[in-house]
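This structure is a prediction, so every number in the text was calculated from the model and none was measured.
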Amino acid sequence: MTTLPPSPAPTAATGQKPRLFSGMQPSADSLHIGNYVGALLQWREMQSTHDALFCVVDMHAITVAQEPATLRESTRRTAAQYIAAGIDPERSTLFIQSHVPAHAQLAWVLNTLTGFGEASRMTQFKDKAAKQGADTASLGLFAYPTLMAADILLYGAHEVPVGDDQRQHVELTRDLANRFNSRFGPTLVVPEAVVQAEGARVYDLQSPESKMSKSAATEAGVVWMLDEPSRTAKKIKSAVTDAEREIRFDRGAKPGVSNLLTILSAFTETPVASLEEKYAGRGYGDLKKDVAEAVVETFTPIRTRALELLDDPAELDRVLAGAADRAGEIAEATLATVYERIGFLARA
């Protein structure tokens, strides 16, 4: 294997694009509006300005129990939705995490550099462990952040688009990269988190104080990208609002209305302030109707394209395999450098 030194951050002078890495878990049959607004829209734009790698992180998914056949199907469905929503395999590298063994291999090395107390302080682990019960939370869930660090560091990513709930994990990644470089010499690129703006955050339609989630207590508040158009429209028209009639953005006092304005703003590329002016003196029914129409108009062709891709799984698998080859070349080179620096004996 060829070893590579860490790549410096690209500059205008070099003409190189900065490298980007991001991914989502295949933890449901479909992605939802929150995934689309909070991640896919940003990814679609950034693939033009970055050397972009997008991953379906199936290894992260098994930190909770998964039915094997369901996981395989969800992984394909997630990849198909990435492509249908505009992630172009010709312009970016879209691959499956488990197709590149170096993720697990680098994660083990990073585990040995991570303090137990440091890992214990990860907020997401504490929250999930509290929900599952400390006795049933797995070691994999505990080590989730070091696997995420390996995902990022393998590719020399300069930027990592994440939600605010993942910011702490990117900070750990930065700490581990600096720790490795300090101990073994310059090897790993120290990444920067690109945190989505508040305006890119979508909340549950029935519980608008909570972020829209695949693990929501009820599906009534979650709009899936692969929902039938009529079901999508019905969910949006049934969204919780409030007892007032004024349409204005106020996350604290009017979370439901604010959520609908956020969605409409994202799907129509219209500033929220302009929407507030447009709906002055109008009722919630008008707002819900327009949100439903905008979402259905956008998601219908995405749904159609995703289902077409899923109708030919062999071709989809071929595309993913080719991307895994490219990702694997980059990852293996980084791993080889790491192994050499820490003193592993190279295989003859």
Chemist: Is there a side-chain contact between Val162 and Gln168 (heavy atoms, below 4.5 Å)?
Modeler: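 SC-SC contact between Val162 and Gln168 ruled out.
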Chemist: Where is the tightest heavy-atom contact between Leu113 and Arg179, given as atom of each residue plus distance?
Modeler: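 Leu113 and Arg179 have their closest heavy atoms at O-NH1, 2.6 Å.
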Chemist: Between the side chains of His60 and Asp151, does any donor sit under 3.5 Å from an acceptor?
Modeler: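 Judged by distance alone, the side chains do pair up.
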Chemist: Could you check whether any side-chain heavy atom of Thr241 comes within less than 4.5 Å of a side-chain heavy atom of Leu260, counting everything from C-beta outward?
Modeler: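 Sidechains of Leu260 and Thr241: in contact.
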Chemist: Just checking, is any N or O donor in the side chain of His50 or Glu159 under 3.5 Å from an acceptor N or O on the other one?
Modeler: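 Result is yes, a qualifying pair exists.
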Chemist: Looking just at side-chain N and O atoms, do Thr146 and Asn111 make a donor-acceptor pair shorter than 3.5 Å?
Modeler: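 A donor-acceptor contact under 3.5 Å links the two side chains.
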Chemist: When you look at Arg72 and Glu67, which way does the salt bridge (charged side-chain N to carboxylate O under 4.0 Å, His left out) test go after all the steps?
Modeler: CA-CA 9 Å; Arg72 275 189 287 273; Glu67 176 62 35; over 6 Å; no
Chemist: With a 6.0 Å cut-off on ring centres, are Phe95 and Tyr155 close enough?
Modeler: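 Under 6.0 Å, so yes.
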Chemist: Show your working on salt bridge (charged side-chain N to carboxylate O under 4.0 Å, His left out) between Glu228 and Arg303 and close with a plain yes or no.
Modeler: CA-CA 9 Å; Glu228 291 278 356; Arg303 178 177 184 272; 3.1 Å; yes
Chemist: Parallel, tilted or perpendicular for Tyr36 and Phe299, by the 30°/60° rule?
Modeler: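 Aromatic pair Tyr36/Phe299 classed perpendicular.
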Chemist: Compare all side-chain heavy atoms of Cys55 with those of Ile96 and state whether any distance is below 4.5 angstrom.
Modeler: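 They are not in side-chain contact.
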Chemist: How close do Ala80 and Ala306 get, counting heavy atoms only, and between which atoms?
Modeler: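 Closest approach of Ala80 to Ala306: CB-O, 4.0 Å.
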Chemist: For the atom pair CG (Asp204) and CD (Glu209), what is the distance rounded to the nearest 0.5 Å?
Modeler: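 One gets 9.0 Å once the value is rounded to the nearest 0.5 Å.
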Chemist: Do Met24 and Val37 share a hydrophobic cluster, counting only Ile, Leu, Val, Met, Phe, Trp and Tyr and linking them when any side-chain heavy atoms are less than 4.5 Å apart?
Modeler: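 Yes, Met24 connects to Val37 through the hydrophobic network.
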Chemist: For the atom pair CE (Met59) and CG (Leu147), what is the distance rounded to the nearest 0.5 Å?
Modeler: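 Met59 atom CE to Leu147 atom CG measures 5.0 Å (nearest 0.5 Å).
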Chemist: Should Gln105 and Tyr339 count as side-chain neighbours, where that means a heavy-atom distance under 4.5 Å?
Modeler: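 Contact flag for Gln105/Tyr339 side chains = yes.
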Chemist: Look up atom OG1 in Thr173 and atom CD in Glu171, then write down how far apart they are to the nearest 0.5 Å.
Modeler: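 Going from the OG1 atom of Thr173 to the CD atom of Glu171 covers 9.0 Å.
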Chemist: Under 4.5 Å between any side-chain heavy atoms of Ser30 and Asp227, yes or no?
Modeler: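 Result no, sub-4.5 Å side-chain heavy-atom pair not found.
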Chemist: Any non-hydrogen side-chain atom of Ile263 less than 4.5 Å from a side-chain atom of Val202?
Modeler: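 Counting from C-beta outward, Ile263 and Val202 do come under 4.5 Å.
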Chemist: Given salt bridge (charged side-chain N to carboxylate O under 4.0 Å, His left out), test Arg76 with Asp317 step by step and report yes or no.
Modeler: CA-CA 8 Å; Arg76 274 204 189 97; Asp317 289 354; 2.7 Å; yes
Chemist: In sequence, state the C-alpha distance, the side-chain angles, and the governing distance for Arg231 and Glu219, and then conclude on salt bridge (charged side-chain N to carboxylate O under 4.0 Å, His left out).
Modeler: CA-CA 11 Å; Arg231 183 170 171 77; Glu219 284 205 353; 3.4 Å; yes
Chemist: Are more than 12 heavy atoms from other residues, nucleotides or ligands located less than 6.0 Å from atom CZ of Arg91?
Modeler: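 Yes, because the 6.0 Å sphere around CZ of Arg91 holds more than 12 heavy atoms from other groups.
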Chemist: Count the heavy atoms belonging to other residues, nucleotides or ligands that lie under 6.0 Å from CD of Glu269, then report whether that count exceeds 12.
Modeler: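 Not more than 12 within 6.0 Å, no.
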Chemist: Heavy atoms, side chains only, cut-off 4.5 Å: are Val189 and Arg19 in contact?
Modeler: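 Result no, sub-4.5 Å side-chain heavy-atom pair not found.
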Chemist: Kindly say whether Pro68 contributes a backbone atom to a donor-acceptor pair with the side chain of Thr70 at under 3.5 angstrom?
Modeler: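 Between the backbone of Pro68 and the side chain of Thr70 there is no qualifying donor-acceptor contact (under 3.5 Å).
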Chemist: In a check of side-chain contact (heavy atoms from CB on, under 4.5 Å) between Arg174 and each of Leu153, Leu188, Val190, which one passes?
Modeler: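 Result for side-chain contact (heavy atoms from CB on, under 4.5 Å) with Arg174: Val190.
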Chemist: Does CD in Glu244 sit with more than 12 non-hydrogen atoms of other residues, nucleotides or ligands closer than 6.0 Å?
Modeler: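 Yes.
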Chemist: Hey, does Gln206 have a side-chain heavy atom less than 4.5 Å from the side chain of Val222?
Modeler: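 Side-chain contact under 4.5 Å: no.
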Chemist: How about Asp58 and Thr75: does a side-chain donor come under 3.5 Å of a side-chain acceptor?
Modeler: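 Thr75 and Asp58 do not have a side-chain donor-acceptor pair below 3.5 Å.
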Chemist: In residues 319-327, what donor-acceptor pairs under 3.5 Å come from side-chain atoms, sequence neighbours left out?
Modeler:
unit_1 : atom_1 : unit_2 : atom_2 : d
Arg326 : NH1    : Thr93  : OG1    : 2.5
Arg326 : NH2    : Asp51  : OD1    : 3.3
Arg326 : NH2    : Asp51  : OD2    : 3.3

